[in-house]
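One structure is given here, and the rest of the page talks about it.
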Amino acid sequence: LQVYLRVKPKTNEELELARKEGYTECDRVSLDAAENMIKLTAPVESKTYKNSGVTGKMMHQYSFSKIFKPETDQKVIFSDIVMPRLREFLEGRNQLLFTYGATGSGKTFTIQGSAEEPGIMPNSFQTLFKSLEGKLCSSIP
């Protein structure tokens, strides 16, 4: 099982809210893509922090197979995650790929993409159809 994390770029509204509350991005989230880890710090005003009974920062760490930074484009996601699985699929192995996350976290963009940056599905179909060119049986009605 491989678990990947794609970090969505912050919206202007998210950046403005952080500025108003006096937080920098690294106050809450520490991303270590080289180690494939993300560390989340609970806000001081959160119930998690208050119920911890711990002085200082309360932090949770999560590990992933690979972490993709906000500036990662669709082509890199496709080549690193999907292409190896497409090859295995064409060799007869079963494959499953799905996205999971909160509303507005970028799942649809990753899967569908846009006209300028096609996502996983359009790139997968294009790759599959190209790999079948010249290999179709012409005698089937």
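Side chains are part of it too, since the values below use all heavy atoms of this structure and drop only hydrogens, waters and symmetry mates. Numbering of residues begins at 1 and proceeds along the displayed sequence.
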### Query
Taking all non-hydrogen atoms of both residues, which atom of S124 and which atom of V82 are closest, and how far apart?
OG-CG1, 3.4 Å
### Summary
So side-chain hydrogen bond (donor to acceptor under 3.5 Å, both in side chains) across residues 68-84, not counting sequence neighbours, yields R6-Q74, K66-D80
### Query
Looking at E14, K8, E13, which one forms a side chain to side chain contact (heavy atoms under 4.5 Å, CB included) with K10?
E14
## Note on the structure
Residue set satisfying side chain to side chain donor-acceptor pair (under 3.5 Å) with E35, at least two apart, ordered chain then number -> none
#### Entry: F68 reachable from Y100 in the ILVMFWY side-chain graph, under 4.5 Å edges
no
### Query
Does the side chain of L128 reach to within under 4.5 Å of the side chain of F89, using non-hydrogen atoms?
yes
### Query
For the residue pair P70 and P9, what are the closest heavy atoms and their distance?
O-CG, 3.6 Å
### Query
Under a 4.5 Å side-chain heavy-atom rule over Ile, Leu, Val, Met, Phe, Trp and Tyr, are L17 and L40 clustered together?
no
### Query
Quick one: does I38's side chain get under 4.5 Å of S30's, heavy atoms only?
no
#### Entry: From M37 atom CE to F64 atom CZ, the distance as rounded to the nearest 0.5 Å
10.0 Å
### Task
Kindly indicate, with the supporting measurements, whether the criterion side-chain contact (heavy atoms from CB on, under 4.5 Å) is fulfilled by T127 and M83.
CA-CA 9 Å; T127 301; M83 196 60 189; 3.7 Å; yes
### Query
Is there a donor-acceptor pair closer than 3.5 Å between any side-chain N or O of N36 and the backbone N or O of S63?
no
### Query
To the nearest 0.5 Å, how far apart are CZ in F109 and CD1 in I77?
9.5 Å
#### Entry: Listed partners of E117 passing side chain to side chain donor-acceptor pair (under 3.5 Å), at least two apart
none
### Partner residues of P122 under the side chain to side chain contact (heavy atoms under 4.5 Å, CB included) criterion, sequence neighbours left out
P118
### Query
F125, L132: one ILVMFWY side-chain cluster at the under-4.5 Å cut-off?
no
### Task
Could you grab the distance from atom OG1 of T110 to atom CZ of F78, nearest 0.5 Å is fine?
13.5 Å
### Message
In the structure I gave you, are the side-chain heavy atoms of L97 and I120 within less than 4.5 Å of one another anywhere?
### Response
yes
### Query
In chain order, what residues pass the salt bridge (charged side-chain N to carboxylate O under 4.0 Å, His left out) check against E133, with sequence neighbours excluded?
none
### Nearest-0.5 Å distance that lies between atom CG in L5 and atom CD1 in I67
5.0 Å
### Listed partners of R85 passing side chain to side chain contact (heavy atoms under 4.5 Å, CB included), at least two apart
Q2, Y4, Q95
